[in-house]
Amino acid sequence: MNITVIGTGYVGLVTGACLADAGNNVFCLDLNQEKIQQLNDGKIPIFEPGLEPIVQRNREAGRLRFSTDVVASVAHGELQLIAVGTPPGEDGSADMQYVLAAARAIGKHMKAWKVVATKSTVPVGTADRIRDALKEESKVPFAVVSNPEFLKEGAAVEDFMRPHRVIIGADDPRAVALLRQVYAPFQRNHERLMVMSVRSAELTKYAANAMLATRISFMNEIANLAEVMGADVEEVRRGIGSDPRIGYQFLYAGAGYGGSCFPKDVKALQKSAVEAGSPLRVLEAVENVNQAQKHRLGQKIRRKFGDRLNGRTFALWGLAFKANTDDLREAPSLTLINDLTVAGAKVQAYDPVAGHGLKKDGLKVVSSALDALEGADALVIVTEWQEFRSPDFAAIKAKLKTPAIFDGRNLYDPQVLKGLGIEYFPIGRKT
Ligand SMILES: NC(=O)c1ccc[n+]([C@@H]2O[C@H](COP(=O)([O-])OP(=O)(O)OC[C@H]3O[C@@H](n4cnc5c(N)ncnc54)[C@H](O)[C@@H]3O)[C@@H](O)[C@H]2O)c1
């Protein structure tokens, strides 16, 4: 099938590459000329495990094209997938300007029936706005579908190739049939496609992210309570996760959630709920807890070293908002760097892939985990990269002025560190 993907970011590029890998002819459009140039030069502008070989082989096979040509992109795909950004506006609502611009461009140039589907995370009612935008520009018939994307950065290819579910919000049987055909190769062992109303599909995506964010904030509060009550959140996590109604996933306490989705989606859902006259009080708490949790490591550091950190240097391991991505959007590391540098400290940060060009007063980004420790007072861990899980503790102890580790990801065994004579400050654990 001829498919156009509009927006070639984390979602659009993975979607385009995986659809091409299933044999489709995919045209990826982006307005960012530099990004398209990079892709046409065989470079991948983002870090996403497993993506590069898929892009390369499909480009070489001629099934995957990258372009800034809007007219050609509209002409190409019977299916037009909108995967542009929906960043937070100033009031917290999702900024719909890119989605609506993409819809208008399709309307302006389309000459035959098309399915226009949103992969972007969009508020309930967006399909109606897209329909209006298309009608303003065109008399050609079309169908608008909500097809929210659930992939996770860091495991995006795997998630796309083996989805837990594919949600299709549509009321046009011809559009549903077309999307069934598109997704059939990705659900061969059992059907995972769910057809529902457009509005339910739009809300499902927000509800999923809001639920996951809620679990994280809940565990962060339990962790903070465990600290004052002398309990250990890891033991509590195992205790509650064993209940199948709860499960083990997304129950890790830490330095707060970040990334390009949870923070903005929680705010956008809350904003639209308030506008609809049915505010989500739970989500207000989730958001407040998360804001506070992002300062937790900074507070622990000041409790140990004092409020004025002039003359101190901290080694920071991990900048990305989570492991296996280069995405820094809303990363807890940025809050921590700000807290430390405002208090007068310097930060030496290392991340295997993220933040290499990052510039901030008081911050130096270095190229290895050991370099970050050079002349540092203590080590702070913010991202759970694999290479931080079993480090050379003797080298850490030898390099740090104070043998202390502040661990926003609870990577180590408190007893082991105690035995090594390293002071350990995890989140919600008994030390
Ligand atoms: N990143 C994720 O993990 C993830 C997961 C699920 C859903 N989503 C949702 O998917 C959407 C895209 O997210 P992302 O992280 O891929 O964003 P991104 O910022 O990485 O990419 C968006 C791309 O769209 C391009 N663009 C903007 N307007 C355009 C237009 N009119 N025509 C063509 N290209 C245009 C931008 O140049 C950019 O390259 C968002 O709504 C997001 O909430 C993201």
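Just so you know, ligand 1 is whichever comes first in the structure, and atom 1 is the first atom listed for that ligand. Fair warning: this is a prediction, and the values are worked out from it, not measured in the lab.
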Using a strict 4.0 Å threshold on nitrogen-to-oxygen distance, state whether [X] and [Y] make a salt bridge.
X: R409; Y: D407; result: no
X: R129; Y: D132; result: no
X: R237; Y: E234; result: yes
X: E137; Y: K108; result: no
X: K267; Y: D91; result: no
X: K205; Y: D265; result: no
X: R57; Y: E52; result: no
X: R245; Y: D243; result: yes

Would one find an N or O of [X], backbone or side chain, under 3.5 Å from an N or O of ligand 1?
X: T86; answer: yes
X: K35; answer: yes
X: A101; answer: no
X: E149; answer: no

Could you find the nearest protein heavy atom to [atom] and give me its residue, atom name and distance?
atom: atom 36 (C) of ligand 1; result: D30 OD1, 3.5 Å
atom: atom 26 (N) of ligand 1; result: V84 CG1, 3.7 Å
atom: atom 2 (C) of ligand 1; result: E153 OE2, 3.4 Å
atom: atom 24 (O) of ligand 1; result: G7 CA, 3.4 Å
atom: atom 9 (C) of ligand 1; result: T121 OG1, 3.5 Å
atom: atom 30 (C) of ligand 1; result: L31 CD1, 3.5 Å
atom: atom 8 (N) of ligand 1; result: V11 CG2, 3.5 Å
atom: atom 42 (C) of ligand 1; result: K264 NZ, 3.8 Å

Mode of A83 contact toward ligand 1 - side chain, backbone, both, neither (heavy atoms, under 4.0 Å):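 Backbone only.
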For ligand 1, note which part of S260 has a heavy atom under 4.0 Å away: side chain, backbone, both or neither.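 S260 to ligand 1: side-chain contact only, backbone stays beyond 4.0 Å.
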Strictly under 4.0 Å, does any heavy atom of R329 approach an atom of ligand 1?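 The answer is yes: ligand 1 sits under 4.0 Å from a heavy atom of R329.
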Run the contact test for K152 against ligand 1 with a 4.0 Å cut-off on heavy atoms, strictly below, and give the result.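 The answer is no: ligand 1 sits nowhere under 4.0 Å from a heavy atom of K152.
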Against heavy atoms of [X], which atoms of ligand 1 measure under 4.0 Å?
X: C261; result: 2 (C), 3 (O), 4 (C), 5 (C), 44 (C)
X: Y10; result: 1 (N), 15 (O), 16 (O), 20 (O)
X: I6; result: 32 (N), 33 (C)
X: G85; result: 22 (C)

Which label fits F160 and F186: parallel for a plane angle under 30°, tilted from 30 to 60°, or perpendicular past 60°?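 Perpendicular.
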Backbone N/O of K294 and side chain of T335: donor-acceptor pair under 3.5 Å: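 Such a contact is absent between T335 side chain and K294 backbone.
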Keeping the roles fixed (side chain from E227, backbone from R429), state whether a donor-acceptor pair exists under 3.5 Å.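 No; zero donor-acceptor contacts below 3.5 Å.
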Evaluate ring pair (Phe, Tyr, Trp, His ring centres under 6.0 Å) for F388 paired with W317, printing each intermediate quantity in order. CA-CA 8 Å; F388 303 152; W317 282 3; 5.0 Å; yes
